[in-house]
Amino acid sequence: MSKASVVPIPANQLIFSQGELGDKAYIIEKGRVLIYLTKDNEDFPLSILGEGEIFGEMAIIDNQVRSASAKTLDDCSLLVVTKDQLLERVQSADTVVRLLLRVLLKRLRSQNDLIVVQPKKKIFNTQKAHQEDKQAVEKIKLEARIANAFDNKEFVMFYQPILDLKTEKIVAAEALIRWFPPTGEQISPAVFMDVVENSSMIIPFGKWIVEKCFSDLKKIQLSHALCHDFSISINISGKQFTHIDFINDVESLRKRLALEAPSIKLEMTERVMMDGNVALDTLLRFDQLGYKLSIDDFGTGFSSLQYLFRMPLDNIKIDRSFVRDMMKDDKALAIVKSLIYLAQSLRMKVIAEGIEKEEEKHLLKALGVDFAQGFLFSKAIPLEELLKKLIPSS
Ligand code: C2E
Ligand code: CMP
Ligand code: CA
Ligand code: CA
């Protein structure tokens, strides 16, 4: 993954000059930057940009030279945004949006030309970023931070035990990613995986997740002979699933480590499963190869059940929200009951996630749920801790 970096630049230093080729844009993390044009040795300020604003994007988007020069007014910290990172966004945009971008950039360039033709009219516009622009900038910043963190190996796989409700023994674990930045707060995987899944980072990232889970599964099996029935659940995103090399990558890795396909469970949401024919073909192929397939967050996707149940699924996982509400809300309980009934009629095993209380466990067991996962048993833990839980002390 391309490395994102923050560069410190002292005050009054040229960042780039008008007319140069450009291969990066910048987001201002600290300080102010002056954007200006030069004509006949005279400088014409266009704008003073501050924290959270982006500049140097035009040359990348319209593949022309820098439309203006940029220099620091204060000691600045600038987050470098790579050409690839920006172009990926532009190229994935709707064709009409791309057309509008080209038109607007052309107009801005010709407006800049007018400014130097009328040299007396010096323009300053104090910028006030819109809420939406701020969010977009935050997203690019987070993307850059994630790419950097990936290179710095700040991501770790944790495992949340899954128990057989009859024996209350750990029979599986769900792999859940954790990010430990050296400084600053932890960010939830629900937040950063959303950003990852919506960028091309998901391919190298997803591959790393699968590799890590497979090598950890191998360690579990090697450390305890009885753990051969143990399976690992890996969350797979839509983009990853429909990527052309996905099956081959997963298969070659599995073979290299001599893992049995039935000990690997691929967990996907209903949305991924409903995503056209590619998904169905891929599911069928994984099924033929012996992998286990599970629907995550079952009951929240509003997908066609008829379609869903034509798929080669082994498990459904009842969403945490139903488990949380079923003791106090009759409707949630009714949903839990019907999901279990549906799954059983189709000979699928049922996992309930998010179990936090003894009474929830008892009720789910009585209703016929097979497997259980939740804070009542354990949160997601590092591999070393999982190994200790799996191997009974003698
Ligand atoms: P998910 O796949 O639905 O994962 C279950 C989430 O529920 C986890 O949150 C887990 O810690 C949490 N959980 C489990 N039991 C309980 C409980 O009893 N009470 C409560 N309050 N929470 C419980 P986490 O680890 O924060 O992950 C959030 C989401 O991030 C996941 O939801 C999944 O969509 C995504 N994610 C996490 N790791 C990965 C990954 O390796 N790949 C992909 N594609 N997505 C991931
Ligand atoms: P780029 O053309 O790559 O390099 C110069 C940058 O200055 C340009 O991208 C924009 O980010 C910024 N820029 C150009 N014209 C203006 C303007 N009129 N007002 C504010 N910023 C501008
Ligand atoms: Ca999951
Ligand atoms: Ca879930």
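It should be emphasised that the depicted structure is a prediction, and the values quoted were computed from it without experimental measurement. The first residue in the sequence is number 1, and the count goes up from there. Ligands are counted one by one from 1 in listed order, and the atoms in each one are counted from 1 as well.
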Show me which atoms of ligand 2 lie under 4.0 Å from any heavy atom of [X].
X     : value
Gly56 : 1 (P), 3 (O), 4 (O), 6 (C), 8 (C), 9 (O), 10 (C), 11 (O)
Phe16 : 4 (O), 5 (C)
Phe55 : 11 (O)

Donor-acceptor contact present, side-chain [X] to main-chain [Y], <3.5 Å:
X      : Y      : value
Glu267 : Lys317 : no
Gln373 : Glu174 : no
Ser231 : Ile264 : no
Glu360 : Glu356 : yes

**Request:** Decide, yes or no, whether a salt bridge links Lys388 with Glu385 under the criterion of side-chain N to carboxylate O below 4.0 Å.
**Result:** no
**Prompt:** Would you call Lys39 and Glu42 a salt bridge, using N to O less than 4.0 angstrom?
**Reply:** no
**Request:** May I ask you to check whether over 12 heavy atoms, not counting those of Arg98, lie within 6.0 Å of atom CZ?
**Result:** yes
**Message:** Using a 6.0 Å cut-off, check whether atom CG of Leu14 has over 12 heavy atoms from anything other than its own residue.
**Reply:** yes
**Complete:** Closest to atom 17 (C) of ligand 2 (heavy atoms only, candidates Leu21, Ile15, Leu46, Leu34) is Leu46
**Prompt:** Of the listed options (Arg109, Gln64, Met58), which comes nearest to atom 9 (O) of ligand 2 when hydrogens are ignored and any heavy atom counts?
**Reply:** Met58
**Proximity flag Gly22 to ligand 2, non-hydrogen atoms under 4.0 Å** = no
**Request:** Look at ligand 2 and say whether Ala70 reaches it with a heavy atom at a distance under 4.0 Å.
**Result:** no
**Request:** Could you pull out all residues at least two apart from Tyr36 that satisfy ring pair (Phe, Tyr, Trp, His ring centres under 6.0 Å)?
**Result:** none
**Complete:** Taking 3.0 Å as the strict upper bound, the Ca ion (ligand 3) has protein N, O or S neighbours numbering 4
Taking non-hydrogen atoms only, is [X] closer than 4.0 angstrom to ligand 2 via side chain, backbone, both or neither?
X      : result
Ser47  : side chain
Asn112 : side chain
Gln18  : neither

**Asked** Do the rings of Phe150 and Phe155 sit parallel, tilted or perpendicular, given the 30° and 60° boundaries?
**Response** tilted
**Message:** By the side chain to side chain donor-acceptor pair (under 3.5 Å) test, which pairs, at least two apart or in different chains, include something from residues 13-35?
**Reply:** Arg32-Asp74
**Request:** Among residues two or more places apart or on two chains, list those pairs meeting side chain to side chain donor-acceptor pair (under 3.5 Å) that have a residue in residues 204-219.
**Result:** Tyr159-Asp216, Lys212-Asp216
**Message:** So, regarding Ile60 and ligand 2 (criterion: nitrogen or oxygen to nitrogen or oxygen, under 3.5 Å), is there a contact or not?
**Reply:** no
**Request:** Return a yes/no value for Ala59: is any of its N or O atoms, backbone included, closer than 3.5 angstrom to an N or O of ligand 2?
**Result:** yes
